[in-house]
Engineer: 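I have a structure I would like to understand better, so I am pasting it below and will then ask my questions one at a time.
Treat the numbers as computed from the prediction; the structure is a model and nothing was measured.
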Amino acid sequence: MALPEFKKVFAHEVPVIDLSVLQSGDPAVYRDIAHRIAEASHTMGFFYVVNHGMPASRIDAMFEVARRFFALPLEEKMAIRLALSDKYRGYLPFKMMGADPSLKGNLHEAFQIHAELPPDHPAVLAGKPLHGANQWPASLPGLRTAMLDYFRDMSALSQTFLRMFAAGLDLPPDSFTRYFQNPMMQLRIMHYPPQEPTESGDHLGTRPHTDSGAFTFLAQDEVGGLEILSPAGDWITVPPLRGSFVMNIGEMMKIWTDGMYAATPHRVINRYGLERYSMPFFATPDFDAVITPQLSNPDREKAAEMPRFATSVAGDRPITCGEILTYLYGRIWPSTKVQRVDA
């Protein structure tokens, strides 16, 4: 028995998009970058973004915040565990199991937040699922400020990319932003212990999956471990590139674009002998946003051939973001307080 096989990435196999050229303000340059993003989203579903406006020092500081959180005593982390929340916010312990017994627990621990909503917010007063306050550790008060500030800035960056994703398909600028008025954004900090090559592979850092939202920004530390399923069918590495975000397309954007943008399967295996930390930010639309194709993909049949996982969404009927999240969260995460719906 051994960990699953993989290939090291070849130079330029995962595209690198440099946003520094946008400083010129030239509309032609903007269109060119948008079309490059669209091409990467179509062919690979993953790409690096550099010179995006978030300083590398700011990302490094967030990783230090994550290390301090995961160094807390287990009992303090468990006091704010996700299973205690009906909003799916809080601490996720190692090998956490959801409602689906066929899914093996992941070999990571995590802490996640959504938008921090006060008790008098209209959605909270209305009892809308997944809307409310986050859970925070009592002994680490700086965590709340750091994560909410980063959450705010990444939400703003998401708006920029929503417009660029539309421009890359020659769609009106508000084609996606109109679905992000009160979005279900999520920020997660994660910790992966190293795995030995001789391990059975029954539990991976993160099992193969696709992301459920529109797209994801991932900040990686220097260790590595992210692997994606290439168009050729090989699992390849996406090595760390300091200061960059790795971006990938999620299920909702795949449906909106009728599969023209690819929700590529990915996994994490920490093969490198060091503790790994990562920080994904999930750009996810409004709870009531309808997820249905906005254009027609001439290669729809080819797009439908991608492997399916527990997080895959059929897209064979109009469905809301809230329906997707409630179903998937209820399947993969350990909470019994949210009503599940079929999707």
Side-chain angles (χ1 to χ4, degrees), residues 79-93 96-100 103 106 110-137 143-144 147-148 150-152 154-155 158-159 162 176-190 209-217 250-256 263 279-292 310-315 318-343:
I80 55 169
R81 64 189 180 274
L82 182 144
L84 299 177
S85 169
D86 62 354
K87 309 294 188 295
Y88 287 102
R89 304 154 185 247
Y91 173 67
L92 295 80
M96 170 201 64
M97 299 294 290
D100 189 337
L103 300 177
N106 292 313
F111 176 75
Q112 61 192 36
I113 66 169
H114 290 257
E116 182 90 320
L117 301 180
D120 60 351
H121 187 279
V124 178
L125 292 174
K128 183 170 285 192
L130 308 180
H131 291 71
N134 296 298
Q135 301 189 87
W136 300 102
L143 180 75
R144 182 179 186 274
M147 290 192 71
L148 288 178
Y150 185 84
F151 184 100
R152 179 198 63 230
M154 294 305 297
S155 295
S158 298
Q159 292 289 330
L162 286 165
F176 301 125
T177 57
R178 60 194 170 117
Y179 296 113
F180 285 76
Q181 302 306 305
N182 295 288
M184 302 298 295
M185 306 293 204
Q186 183 188 93
L187 172 61
R188 186 181 302 163
I189 54 177
M190 308 183 72
H209 68 288
T210 54
D211 290 348
S212 61
F215 56 92
T216 303
F217 295 96
E251 290 285 327
M252 296 184 197
M253 184 64 78
K254 179 189 74 175
I255 295 172
W256 273 333
M279 193 162 49
F281 180 87
F282 302 97
T284 306
D286 302 344
F287 188 86
D288 297 318
V290 177
I291 314 300
T292 193
T311 48
S312 299
V313 179
I319 186 172
T320 66
C321 170
E323 288 179 286
I324 293 172
L325 296 183
T326 305
Y327 171 72
L328 291 179
Y329 289 4
R331 183 179 184 187
I332 66 177
W333 286 345
S335 176
T336 59
K337 297 181 180 180
V338 173
Q339 180 70 35
R340 287 181 56 184
V341 296
D342 292 331

Engineer: What distance do L117 atom CG and H131 atom NE2 have between them, rounded to the nearest 0.5 Å?
Structural biologist: 6.5 Å
Engineer: Among all residues two or more places apart in sequence or in another chain, which pass the ring pair (Phe, Tyr, Trp, His ring centres under 6.0 Å) test with F281?
Structural biologist: F151
Engineer: Going from CE on M184 to OG on S212, what distance comes out if it is rounded to the nearest 0.5 angstrom?
Structural biologist: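 Here the interatomic distance stands at 10.5 Å.
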Engineer: In chain order, what residues pass the side chain to side chain donor-acceptor pair (under 3.5 Å) check against T216, with sequence neighbours excluded?
Structural biologist: D211
Engineer: Over all heavy atoms of both residues, which pair between T284 and C321 is shortest? Give the atoms and the distance, please.
Structural biologist: CG2-SG, 3.7 Å
Engineer: In chain order, what residues pass the side chain to side chain contact (heavy atoms under 4.5 Å, CB included) check against D286, with sequence neighbours excluded?
Structural biologist: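 Counting only residues at least two positions away or on another chain, D286 forms a side chain to side chain contact (heavy atoms under 4.5 Å, CB included) with Q181, N182, P183, A289.
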Engineer: Any chance you could lay out the side chain to side chain contact (heavy atoms under 4.5 Å, CB included) test for M252 and I324, step after step, and finish with the verdict?
Structural biologist: CA-CA 9 Å; M252 296 184 197; I324 293 172; 4.0 Å; yes
Engineer: Under the side chain to side chain donor-acceptor pair (under 3.5 Å) test, which residues partner R81, sequence neighbours left out?
Structural biologist: none
Engineer: Tell me every residue that passes salt bridge (charged side-chain N to carboxylate O under 4.0 Å, His left out) with R178, counting only those two or more places apart in sequence or in another chain.
Structural biologist: none
Engineer: With the side chain counted from C-beta on, respond yes when M147 and W136 share a heavy-atom pair under 4.5 Å apart, and no when they do not.
Structural biologist: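 M147 reaches W136 side chain to side chain.
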Engineer: Grab the two heavy atoms, one from Y88 and one from S85, that are nearest each other, plus how far apart they are.
Structural biologist: N-OG, 3.4 Å
Engineer: Supply the atom-to-atom distance R89 CZ to L130 CG, rounded to the nearest 0.5 angstrom.
Structural biologist: 7.5 Å
Engineer: Using ring pair (Phe, Tyr, Trp, His ring centres under 6.0 Å) as the criterion, list what pairs up with Y179, not counting sequence neighbours.
Structural biologist: W256
Engineer: Check whether any side-chain heavy atom of P285 lies under 4.5 Å from a side-chain heavy atom of F180, and answer yes or no.
Structural biologist: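 Side chain of P285 against side chain of F180, heavy atoms only: contact under 4.5 Å found.
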Engineer: Could you check L82 against Q112 for side chain to side chain contact (heavy atoms under 4.5 Å, CB included), going step by step and ending with a plain yes or no?
Structural biologist: CA-CA 8 Å; L82 182 144; Q112 61 192 36; 3.3 Å; yes
Engineer: Tell me which donor-acceptor pairs under 3.5 Å the side chains of residues 120-128 have, and how far apart each pair is, sequence neighbours excluded?
Structural biologist:
from: H121; atom 1: ND1; to: A123; atom 2: N; distance (Å): 3.0
from: K128; atom 1: NZ; to: D288; atom 2: OD2; distance (Å): 2.7

Engineer: Locate the shortest heavy-atom distance separating S158 from M185; write the atom from each residue and the value.
Structural biologist: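 Minimum heavy-atom separation between S158 and M185: CB-CE, 3.7 Å.
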Engineer: Specify the closest pair of heavy atoms between A214 and M253, including all atoms of both residues, with the distance to one decimal.
Structural biologist: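 It is O-CB, 3.0 Å.
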Engineer: Run the side chain to side chain donor-acceptor pair (under 3.5 Å) test against T177 and tell me which residues pass, sequence neighbours left out.
Structural biologist: none
Engineer: Please round to the nearest 0.5 Å and tell me the distance separating atom CE of M279 and atom CZ of R188.
Structural biologist: 13.0 Å
Engineer: Can you tell me how far apart CD1 (I291) and OG1 (T320) are? Round to the nearest 0.5 Å.
Structural biologist: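 Atom-to-atom, I291:CD1 and T320:OG1 are 7.5 Å apart.
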Engineer: Residues two or more places apart in sequence or in another chain: which of them pass side chain to side chain contact (heavy atoms under 4.5 Å, CB included) with A133?
Structural biologist: E116
Engineer: Rounded at 0.5 Å granularity, tell me how far CD in Q135 sits from CZ in F111.
Structural biologist: 7.5 Å
Engineer: Quick one: list whatever passes ring pair (Phe, Tyr, Trp, His ring centres under 6.0 Å) with F215, sequence neighbours left out.
Structural biologist: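 Partners of F215 by the ring pair (Phe, Tyr, Trp, His ring centres under 6.0 Å) criterion, ordered by chain and then number, come out as F165, F217.
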